Amino acid sequence: MRVQGSVAFVTGGNRGFGLAMAEELGARDAAKVYVGVREPAAFDHPGITPIALDVTSDESVAAAAEQCADVTLLVNNAGTGGAHPGGALDPELVRAAQRVVDVNLYGLIRTSQALAPTILRNGGGAIVNVVSDEAWYALPVIAAYSMSKSAAWSYTNALRMDLRPQGVEVLSLHVGFMDTDLVRDLDVPKVDPHEVASTTLDGLEQGKEEVIADEQSRRVKRTLSTDDGYYLHPSVLG
Ligand SMILES: NC(=O)c1ccc[n+]([C@@H]2O[C@H](COP(=O)([O-])OP(=O)(O)OC[C@H]3O[C@@H](n4cnc5c(N)ncnc54)[C@H](OP(=O)(O)O)[C@@H]3O)[C@@H](O)[C@H]2O)c1
C-alpha cells in the first residue's frame, strides 16, 4: 500500500511508538493522520488530529470510528504492560492479564472490527498491528504482557486471512525493546522507535505482511523451529 495520500489512524498516538509512527506517516505525505488518544485536549502536534479513544470501551471505539469515515490505514499501537513479581505463579496474574489483554488484544480487536468496514468502504488499504517479539517467547515477570502479544499475533493471522481477499493488507510488526516509556525502567539495549516506524512503513509499501524490525526479534523467530528455541531459554534480562 502507498502511504502517500492515505488517511491513517494510529491508536495510542500521543507518545512513544504511536507518536513516532504518526510523525513518520506525516513525513511520508499521508493525506491525514488521526491519533486515537485518551486525552485529546492535551495533544498539540501540528498536522496530526487527535480523536478521543479508549480502546477498552466499545462506545469510545464506535464514536472514534464514526468521526473518521475516511480512514484507509489503521495502526493498532495502543498497548500496556506491567510486571507481576511472582511470575507465572503470581496470585495476581489473572487480574493483571485481564487488564493487559483488554488493551493489547481486545482493544486491537475492537478497533479492527470498527475500522475494517471503513477501510473496505474506502476501497481497501491496510491494518498494521504492533505486536512484539514477545509473541514468540515469554518472560515470567511480564507473562501477562507476553500472553497478550501471542494472542494478538494469533488474531492478526486470522484477520489477515479474512481481509486479504478483500484488498486489505494486514501487517504484523515484531520488535524487541524500543526506547519508550513502556520499558524506561529496563536497562537493556533499545532501538529507536522512529527507525522502527520507518522500517515498518517501508515494509508496508513493499507489500510485506510481517515486519521483523530488529536483530533480537529476528533471532527469536529464527529459533522457533530449532531444538534450542529462544522461548526455551530466553536470556534478554540476564
Ligand atoms: N517499547 C517497547 O519495547 C515495545 C516493544 C515491542 C512492542 N511494543 C508495543 O508498541 C506499542 C506502543 O508501546 P510504547 O512502547 O510506545 O509504549 P508507551 O510509550 O507506554 O505508549 C503506550 C500508548 O498506548 C496508549 N494506551 C494505553 N492504554 C490505552 C487505552 N486503553 N486506550 C487508548 N490508548 C491507550 C497510551 O496512552 P496514554 O498516554 O493515555 O497512557 C500510549 O499512547 C504497544 O503495543 C507495545 O506493546 C513496545
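For ligands, and for the atoms within them, numbers begin at 1 and follow the listed sequence. Computed from a predicted model, the values in this text were never measured in an experiment. Sequential numbering from 1 along the given sequence is applied to the chain's residues.
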Relative to the heavy atoms of [X], which atoms of ligand 1 are at a distance of less than 4.0 Å?
X: G176; result: 3 (O), 4 (C), 5 (C), 6 (C)
X: N14; result: 37 (O), 38 (P), 39 (O), 42 (C), 43 (O)
X: G16; result: 16 (O), 19 (O)
X: D181; result: 19 (O)
X: F17; result: 16 (O)
X: S132; result: 6 (C), 7 (C)
X: T56; result: 31 (N)

Any luck finding a side-chain donor-acceptor pair between [X] and [Y] under 3.5 Å?
X: T156; Y: N129; answer: yes
X: S154; Y: N157; answer: no
X: Y106; Y: D58; answer: no
X: Q216; Y: Y230; answer: yes
X: S112; Y: N76; answer: yes
X: E24; Y: H194; answer: no

Charged N to carboxylate O under 4.0 angstrom, R222 versus E215? yes
Can you check whether T56's main-chain N or O pairs, donor with acceptor, with S60's side chain at less than 3.5 Å? no
D214 side-chain N/O to G176 backbone N/O, donor-acceptor pair under 3.5 Å: yes
Examine the proximity of ligand 1 to [X] and report which part, side chain or backbone, both or neither, has a heavy atom under 4.0 Å away.
X: V131; value: backbone
X: V103; value: side chain
X: L53; value: backbone
X: E39; value: neither

Side chain proximity check, V183 to K190, heavy atoms < 4.5 angstrom: yes
So do T200 and L171 actually touch side chain to side chain, heavy atoms under 4.5 Å? yes
Could you tell me how the ring of W153 sits relative to the ring of W136: parallel (under 30°), tilted (30 to 60°) or perpendicular (over 60°)? perpendicular
Check whether any N or O atom of [X], backbone or side chain, sits under 3.5 Å from an N or O atom of ligand 1, and answer yes or no.
X: G36; result: no
X: G12; result: yes
X: T80; result: no
X: G79; result: yes

Nearest-neighbour protein heavy atom for [atom], which is reported as residue plus atom name and distance:
atom: atom 46 (C) of ligand 1; value: Y145 OH, 3.5 Å
atom: atom 40 (O) of ligand 1; value: R38 NE, 3.0 Å
atom: atom 35 (C) of ligand 1; value: A78 CB, 3.7 Å
atom: atom 18 (P) of ligand 1; value: R15 NH1, 3.7 Å
atom: atom 1 (N) of ligand 1; value: T180 OG1, 2.9 Å

Under 4.0 angstrom from ligand 1, any heavy atom of S57? no
